[in-house]
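Take a look at the structure below.
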Amino acid sequence: MTVEQTYPNAPDVSPEDYLVVGLANCFIKEDGEVYPVKVIEPIPSAALEALLKGIPTSYEMALGATLGTVLIQETTQKPSEFPENAQFCDEFAERAIAAVRSYKVPSHEPAKTEIPIGTCRQDFNFSTERKRVLNTTNVVRTEDNVKQHEYTHKVL
């Protein structure tokens with residue numbers, strides 16, 4: 001009898017593994033206008049620690065869950081705690097598996113007590129002052145180059 005692996009590309013994770021999923025307030029820029037969008041993203045343990053220390057964040061809430069409640073094989077499942085208009089981030093499956101691995105590190109085990117499975121936390125330092133725009137492109141121009149002295153790369 002063979003046991004079907006739930007995550008064939010990640011044999012080290014299981015549906016019972018701990019994961020924190022957050023609701024981020026992001027923005028999309030189109031035709032010079034900025035539109036708000038709510039995005040469901042996995043939160044790795046290091047990012048969760050920063051949120052718990054009061055760093056300003058675009059996350060308005062975080063849910064303690066198991067990987068199997070939000071990701072069944074490659075199919076995403078929206079938890080009922082999230083609004084209907086929220087959408088999953090790009091590459092959610094890969095990012096969720098990476099986040100699960102971050103909580104398996106022994107020094108990050110206490111993070112599981114901050115947001116237990118099945119509970120929501122909304123007491124973050126929520127701010128959209130610095131807008132998180134998802135579809136920006138970085139255009140590098142010649143004028144952006146830093147001028148250097150002619151002898152910068154010469155051996156004197």
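Please read these numbers as outputs of a predicted model, since none were measured by experiment. Residues: numbered from 1 along the sequence shown. The basis for the numbers below is simple: all heavy atoms, side chains too, and nothing from hydrogens, waters or symmetry mates.
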Same apolar cluster: I40 and I43, side chain cutoff 4.5 Å: no
Hey, could you give me the NZ/CG distance between K53 and L48, rounded to the nearest 0.5 Å? 11.0 Å
Determine, stepwise, if the pair L63 / T119 fulfils side chain to side chain contact (heavy atoms under 4.5 Å, CB included). CA-CA 6 Å; L63 171 71; T119 62; over 6 Å; no
Can you tell me how far OG1 of T69 sits from NZ of K78, rounded to the nearest 0.5 angstrom? 14.5 Å
Can you tell me how far the NZ atom of K131 sits from the CG atom of L134, to the nearest 0.5 Å? 13.0 Å
Salt-bridged, E16 to K104, with N to O below 4.0 Å? no
Can you find a side-chain donor-acceptor pair between K38 and N25 that sits under 3.5 Å? yes
d(I97 CD1, L67 CG) to nearest 0.5 Å is 6.0 Å
Hydrophobic cluster membership, with links at side-chain heavy-atom distances under 4.5 Å among I/L/V/M/F/W/Y: are V100 and V70 in one? yes
V20 reachable from F92 in the ILVMFWY side-chain graph, under 4.5 Å edges: no
Going only through I, L, V, M, F, W and Y residues with side-chain contacts under 4.5 Å, is there a path from I117 to L51? yes
Any side-chain heavy-atom pair of C89 and R95 under 4.5 Å: yes
Same apolar cluster: V21 and M61, side chain cutoff 4.5 Å: yes
Keeping the roles fixed (side chain from S45, backbone from S102), state whether a donor-acceptor pair exists under 3.5 Å. yes
Is the backbone of A24 close enough, under 3.5 Å, to the side chain of S58 for a donor and an acceptor to pair up by distance? no
When the ring centroid of F124 is compared with that of Y59, is the distance short of 6.0 Å? no
List the atom of L23, the atom of P83, and the distance in Å for their closest heavy-atom pair. CD2-CD, 3.6 Å
Criterion side chain to side chain contact (heavy atoms under 4.5 Å, CB included) against F88, the qualifying member of V39, T76, L71: T76
Heavy-atom count around E94 CD within 6.0 Å, excluding the residue itself: above 12? yes
Drop me the distance from Y18's OH to K112's NZ, to the nearest 0.5 angstrom. 8.0 Å
Applying side chain to side chain contact (heavy atoms under 4.5 Å, CB included) to D123 and R121, what does each step give before you reach the verdict? CA-CA 6 Å; D123 62 346; R121 187 159 177 176; 2.6 Å; yes
OH-CG distance between Y103 and L19, expressed to the nearest 0.5 angstrom: 7.0 Å
Would you name the heavy atoms of P56 and S127 that are closest together and state the gap between them? CB-CB, 4.4 Å
